[in-house]
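A short write-up of the structure that comes next.
These numbers come from a predicted model, not from an experiment. Lettering follows sequence order; numbering is per chain, from 1. Just so you know, these numbers use all the heavy atoms, side chains as well, and skip hydrogens, waters and symmetry mates.
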Protein chains: 2
Amino acid sequence: MIEILKQHIISRLGEDVTNLNEVLQNFKSLKVSRNETILNQGEVCKYVYFIVSGCLQVYVYDKEFNETTRDLIIEDNWCSELISFGSQQPATENIRAVEPSELLAIDRQGFQNMMETVPQFDKVYKQILEASYANSVYRINTFVALTALERIKWLMDYRPKLMSRLSSKLIASYLGISQETFSRLKAKV
Amino acid sequence: MIEILKQHIISRLGEDVTNLNEVLQNFKSLKVSRNETILNQGEVCKYVYFIVSGCLQVYVYDKEFNETTRDLIIEDNWCSELISFGSQQPATENIRAVEPSELLAIDRQGFQNMMETVPQFDKVYKQILEASYANSVYRINTFVALTALERIKWLMDYRPKLMSRLSSKLIASYLGISQETFSRLKAKV
DNA sequence: TTAAAACATTGACATTTGTCAATATTTAAT
DNA sequence: ATTAAATATTGACAAATGTCAATGTTTTAA
């Protein structure tokens, strides 16, 4: 499992990362089953997760307790509630596995260790943050102006893996439309 | 003008910032008039702006060339197209002043100088990035699930200054609703 | 100060999307 | 393998929002 993360890091920081193997010891490996929650809103988010395999859902509840999904993240990506992780304030979002998933978790102390052992690691946090930010900006700009049908087309074009792997219910919640509308419009594409 | 930025930085990094005055020399002061564009999509974003007074709009065009506004940022805040600024790739968003504005601009070289002169300054970029990220996450989670009326109420409660200062047209574009719907629902609140 | 332009409001109507309910299909657990 | 639960589809209808057009109001610039 660690090997996948190793490749991921090398592809970003280059081959010559000193102490990489020691650094990777800071990650704890865990397996989570489908529908297992790994963060509840109100708790402090203690870890940043690297997804080795599977898929995580980041979501909130609206006032009628419907879930709305801010993000769906698959293998070879990072996932966390970064705002809570960074500030140690209670999280405003929930995270759960929507597929059986293999994760590598690192806590703040681990991050600290890494920064000291591998100076370039400073960049990794910045990269994760920048990627997350870019993703959310993109999501706002893409979605505010699009109709339900256009959102579906967008997902098919740019996130085809999500479309084929996940339930309609989940996709609809990610697109911000009802299941019924999703079901109907899907047929029209 | 610089004095306001100085207070802003002191409030975040504390009183004892070494070389602060020299650091502030890296900022160029500029005045922009209403409707003046300071970044066009396709260009590389060269500056991060601190808004001393006024208001900036960050927006994109949809396929019918309507503007959709991702953010409206007022005085005492930072504004940039951070993804372009960080990567030096072409910007995907436009920025314009929607009020006559006084800005302090710093370029990458200036940022570099600051990091070297004031070690704590490293934090400032991270803080700007984190704040921007938190803001966009909040925007996604708040808006995806809200009706037009609820969005208006939200704006009145949490961004009352925007509501009173800016045109209905702009506010509607920020809320992702038509001007007419905004006009009608505003009366019902 | 005045004319032109931009913006805001309102009505009529069309379109999109949501809700509820019934049924079919798939998935999960024993 | 069988049954219960969850998910997906479809219809009928309601509610929300958008579009177009007409008019009134405010802002801007000469």
Side-chain angles (χ1 to χ4, degrees), chain A residues 31-37 54-55 57 59 61-69 72 96-101 142-156 162-189, chain B residues 31-37 54-55 57 59 61-69 72 96-101 142-156 162-189:
Chain A
K31 293 195 179 201
V32 290
S33 48
R34 194 169 119 80
N35 290 328
E36 190 172 335
T37 300
C55 181
Q57 173 197 18
Y59 64 100
Y61 293 100
D62 70 14
K63 60 187 188 310
E64 282 102 22
F65 299 104
N66 301 308
E67 290 175 15
T68 52
T69 301
L72 292 167
R96 79 153 66 93
V98 290
E99 290 177 352
S101 305
T142 308
F143 281 67
V144 168
L146 298 189
T147 65
L149 186 62
E150 288 167 339
R151 293 177 199 189
I152 294 170
K153 281 180 180 159
W154 175 87
L155 194 73
M156 285 174 162
L162 294 186
M163 198 78 186
S164 52
R165 281 162 66 160
L166 303 177
S167 72
S168 297
K169 190 184 170 187
L170 210 46
I171 299 287
S173 141
Y174 178 67
L175 296 181
I177 58 182
S178 71
Q179 291 173 61
E180 293 93 335
T181 296
F182 180 66
S183 178
R184 279 183 254 262
L185 293 180
K186 204 171 34 171
K188 289 196 188 169
V189 178
Chain B
K31 292 193 180 202
V32 289
S33 48
R34 196 169 117 79
N35 290 328
E36 191 172 333
T37 300
C55 181
Q57 174 197 20
Y59 63 101
Y61 294 101
D62 69 15
K63 58 184 190 313
E64 282 102 21
F65 299 105
N66 301 309
E67 291 174 14
T68 52
T69 301
L72 293 167
R96 79 153 65 94
V98 290
E99 292 177 351
S101 305
T142 308
F143 279 61
V144 167
L146 298 189
T147 65
L149 187 62
E150 289 167 337
R151 292 177 200 189
I152 294 171
K153 282 180 180 160
W154 176 87
L155 195 72
M156 287 174 161
L162 295 185
M163 198 78 186
S164 51
R165 282 163 65 161
L166 304 175
S167 71
S168 296
K169 191 184 171 188
L170 209 49
I171 299 288
S173 141
Y174 178 68
L175 296 182
I177 59 182
S178 71
Q179 292 173 59
E180 293 93 337
T181 296
F182 179 66
S183 178
R184 279 184 252 263
L185 293 181
K186 203 173 31 172
K188 289 197 191 166
V189 177

Where do Cys55(B) and Ser101(B) come nearest, in terms of heavy atoms and distance?
->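 What the structure gives for the nearest pair is N-OG, 3.2 Å.
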
Could you tell me which non-hydrogen atom of Ser168(B) sits nearest to which non-hydrogen atom of Lys186(B), and how far apart they are?
->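 Distance-wise, the nearest heavy atoms are OG-NZ, 3.3 Å.
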
To the nearest Å, give me how far apart [atom1] ([X]) and [atom2] ([N]) are.
{"X": "Ile177(B)", "N": "dA8(C)", "atom1": "CD1", "atom2": "C1'", "value": "14 Å"}
{"X": "Lys169(A)", "N": "dT26(C)", "atom1": "NZ", "atom2": "P", "value": "18 Å"}
{"X": "Glu36(B)", "N": "dT28(D)", "atom1": "CD", "atom2": "C1'", "value": "17 Å"}
{"X": "Leu146(B)", "N": "dT17(C)", "atom1": "CG", "atom2": "C1'", "value": "16 Å"}
{"X": "Leu185(A)", "N": "dT15(C)", "atom1": "CG", "atom2": "P", "value": "16 Å"}
{"X": "Gln179(A)", "N": "dT25(C)", "atom1": "CD", "atom2": "P", "value": "18 Å"}
{"X": "Asn35(A)", "N": "dA29(C)", "atom1": "CG", "atom2": "C1'", "value": "14 Å"}
{"X": "Leu170(B)", "N": "dT26(D)", "atom1": "CG", "atom2": "C1'", "value": "16 Å"}

Per [X] side chain, nearest of listed nucleotides [options]:
{"X": "Ser167(A)", "options": "dA8(C), dT17(C), dT7(D)", "value": "dT7(D)"}
{"X": "Ser183(A)", "options": "dG18(D), dT17(C), dT10(D)", "value": "dT10(D)"}
{"X": "Thr147(A)", "options": "dA8(C), dT17(C), dT17(D)", "value": "dT17(C)"}

Base of dG18(C) paired with side chain of Arg184(A) (donor-acceptor, under 3.5 Å) |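 Under the 3.5 Å cut-off, the side chain and the base do not form any donor-acceptor pair.
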
Distance-only donor-acceptor test (3.5 Å): side chain Glu180(A), base dC20(C) |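 Yes, the side chain and the base share a sub-3.5 Å donor-acceptor pair.
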
Is the phosphate of dA8(C), meaning OP1 or OP2, less than 4.0 Å from a side-chain N or O of Lys186(B)?
->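 Result: no.
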
Is there a donor-acceptor contact under 3.5 Å from the side chain of Arg151(A) to the main chain of Tyr174(A)?
->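 No; zero donor-acceptor contacts below 3.5 Å.
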
Nearest-nucleotide wise, let me know which of Ser168(A) and Thr181(B) is further upstream toward the 5' end of DNA chain D.
->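 It is Ser168(A) whose nearest nucleotide is closer to the 5' end.
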
Modelled atom types, side-chain donor and acceptor of Thr69(B) and Gln57(B), under 3.5 Å |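 Note: Thr69(B) and Gln57(B) side chains meet the donor-acceptor criterion.
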
Report which part of the nucleic acid Arg34(B) touches: base, sugar-phosphate, or nothing (heavy-atom distance under 4.0 Å, all strands).
->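 Sugar-phosphate contact only.
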
Start with the C-alpha gap between Val32(B) and Arg96(B), add the side-chain angles, then the distance that decides, and say whether side-chain contact (heavy atoms from CB on, under 4.5 Å) holds.
-> CA-CA 9 Å; Val32(B) 289; Arg96(B) 79 153 65 94; over 6 Å; no

